[in-house]
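Comments concern the structure below.
Small disclaimer: the values here were computed from a predicted structure and weren't measured. Below, chain A is the first sequence line, B the second, and so on; all start at residue 1.
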Amino acid sequence: MTTGFSEQETIRRNSLQELIKAGINPYPPDTFEVNVKAAEIRKNFTANCSLYQQASMAGRIMSRRIMGAASFVEIQDESGRIQLYVKRDDICPGEDKTLYNTVFKKLLDIGDIIGVTGFVFITQMGEITIHVKSLRLLSKSLRPLPIVKEKENTVYDAFTDPEQRYRQRYVDLIVNPEVREVFIQRNLLINSMRQYLASKSYLEVETPILQPLYGGAAARPFKTHHNSLDMTLYLRIANELYLKRLVVGGYDGVFEFSKDFRNEGMDRFHNPEFTQMELYVAYKDYEWMMKLVEEMVEKIALDLHGTTEIKVGENLIDFKRPWKRFTMFEVIQHFTGIDIEGKTEEELVAIAKKLEVPLDTTMAKGKIIDQIFGEKCEPFLIQPTFITDYPIEMSPLAKKHRTKDGLVERFEAICNGKELCNAFSELNDPIDQRERFELQLELGKRGDDESMVLDEDFLRALEFGMPPTAGLGIGIDRLTMIMTNSSSIQDVLFFPQMRPETRG
RNA sequence: GAUUCGCUAGCUCAGUAGGUAGAGCAUCGCCCUUUUAAGGCGGGGGUCCUGGGUUCGAAUCCCAGGCGGAUCACCA
């Protein structure tokens, strides 16, 4: 054979032809009536009960134990696995035993999707099982599945190669049930958050992903081109500036679950596309927003786990309100013993050097402080903690602090050593905003390739007047990682970004 | 991008002075009508990631490249 198929693939393709010859459509077009799921049976069925005498269910064959004229098969549907008992004389009541002897035993394989009807009973070994009365092929599988076995909570031959798991997520989902669970949790999390926001009567909106100017965050963008307009467009790095335009427009509470794109390095916390939820509420400030974040995240933990305490790696993280709060200066003093308040740029450089915090020449005062915080404080903040009052230089969209010179009304929540969200009292003074953009342009000239660009239309919107507004951005992938105890962002994305597959 | 580890059958892995490859499961054949990592007997299956080099001979040693993981740098 010069087909390029493996032995097992060839055998399955031959079986497919045999099925067709036997008059069986391996991919039948009609519906199969399912009246119960595996988990439902396993949950409700007890010895001698009269439930599920006419069970009809469909799923994928995951294992087979053939004992001559009777067989045990495990099939898996969306809800889990259940055992089938397939007896020759039951599925072949007449003289013709072809369905069992040939079709079932020879032509069906692990991985095939079948539909069965029968009654539920419990075997001598105590396993809840469907005694099959009829069996039908619903879809033939042409590739061998990895066979994962388990006994006494030990898993054998687990499908673990991360490259294959991420590239062929469908296989990962079939054979690794805990993976499926992570994405169910992700969906519950998003639903919980959406429900919380909807209950406050905020409006869920959609804003452009393709933007002529990228803004709202400090990051490098992806660049693309629109043919008809013959213009450069950028994939959004944040939705902040568009959402604020909507607040100018008169919506007092808007939020968006958004895919954002940043053209930067990848590691276990970063994928080029990721999901954020951004929220803007008029007539509120960052103090108010902290309360909202605590309440919302606590609710999510309760909705997902029924408790505020979540095990993440070695740590037990408690989302119970209220969370600890420190100002940026306080937390730096706490971890380094140095009070950096009121220090000049030169003094800060010296302090960073003393603390062995690496700097580069493009870093101005704000970035140096952020760097010290990132090196010396952030990794050690395990329990959810609000850090407040950031230097103005690193927050060009935040409002100046009402009492503290040189600072803005901003907070981040840190959890498990990583930023969970970022929020501030939004800058709504258009004159100040223009000056801040101009400062960013200066930083750009100095070599900071993440500095923001000036958005004239956004300034025009602000000039019409934006109410005082509190804004929030919260990383959905990061929050999902914490809530599902996942150590890599790739484990909470169905299809993490990968280089193209190569074949030698 | 840097450092480091890995890449051998469908899956998980072994391969030990360099002598042209092995196990378990899966697969194929036979036996077995309540088994469960079913069992018994027998069989097949591999561009050893790719390309060079050293050598009589390379999965194994050397060089270059590909892909992935981990750590670091930038960032959420």
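- Using a 4.0 Å cut-off, some side-chain N or O of A/Lys151 falls inside it from OP1 or OP2 of B/A37.
- Both tests hold for A/Arg64 against A/Phe104: distance to the six-membered ring centre under 6.0 Å, angle to the ring axis within 45°.
- Nearest approach of A/Asp389 to A/Met328, heavy atoms of both residues: O-CB, 3.6 Å.
- Among the atoms of the strands shown, base atoms are found under 4.0 Å from some heavy atom of A/Gly265.
- Side-chain N/O atoms of A/Asp267 and base N/O atoms of B/C74 include a donor-acceptor pair closer than 3.5 Å.
- Residue contacts for A/Glu375: at a heavy-atom cut-off of 4.0 Å it reaches the sugar-phosphate backbone alone, with no base atom in range.
- Phosphate contact (OP1/OP2 of B/U35, side-chain N/O of A/Arg65, threshold under 4.0 Å): absent.
- Contact annotation for A/Gln124: base contact, defined as any heavy-atom pair under 4.0 Å involving a base atom.
- A distance of about 16 Å separates the P atoms of B/G29 and B/G45, rounded to the whole Å.
- Among the atoms of the strands shown, only primed sugar atoms or phosphate atoms (P, OP1, OP2) are found under 4.0 Å from some heavy atom of A/Ala158.
- B/A59 is unpaired under the Watson-Crick or G-U wobble criterion, no partner having all donor-acceptor distances under 3.5 Å.
- Of the side-chain N and O atoms in A/Lys106, one or more sit less than 4.0 angstrom from OP1 or OP2 of B/C30.
- In this model, a side-chain donor or acceptor of A/Gln83 finds a partner on the base of B/U35 within 3.5 Å.
- A/Leu420 comes within contact range of no nucleotide atom at all, as no heavy-atom separation falls under 4.0 Å.
- Contact annotation for A/Phe72: base contact, defined as any heavy-atom pair under 4.0 Å involving a base atom.
- Using a 4.0 Å heavy-atom distance criterion, A/Glu127 is classed as a base contact.
- The main-chain N or O of A/Glu40 is found under 3.5 Å from a side-chain atom of A/Asn44 such that the two form a donor-acceptor pair.
- Side-chain nitrogen and oxygen atoms of A/Gln490 include none within less than 4.0 Å of the OP1 or OP2 phosphate oxygen of B/G68.
- B/G10 and B/U47 are spaced 7 Å apart, taking the P atom of each and rounding to whole Å.
- Rounded to whole Å, the distance from CZ on A/Phe274 to P on B/C74 is 17 Å.
- Listed for the A/Arg236 side chain is a donor-acceptor partner under 3.5 Å among the backbone atoms of A/Lys259.
- Contact annotation for A/Arg143: no contact, since no heavy-atom pair falls under 4.0 Å across all strands.
- For B/G68, the OP1/OP2 oxygens have no side-chain nitrogen or oxygen of A/Gln164 closer than 4.0 Å.
- Nucleic acid contact for A/Glu273: none, since no nucleic acid atom lies under 4.0 Å from a heavy atom of the residue.
- Contacts of A/Asp161 with the nucleic acid, taken as non-hydrogen atoms under 4.0 Å apart, involve only primed sugar atoms and P, OP1 or OP2.
- Side-chain atoms of A/Gln8 come within donor-acceptor range of the base of B/G10, with a qualifying N/O pair under 3.5 Å.
- Among the protein residues, A/Thr154 comes within range of no part of the nucleic acid, since none of its heavy atoms lies under 4.0 Å from any strand.
- Residue-level contact check: A/Arg12 touches neither bases nor backbone, having no heavy atom under 4.0 Å from any strand.
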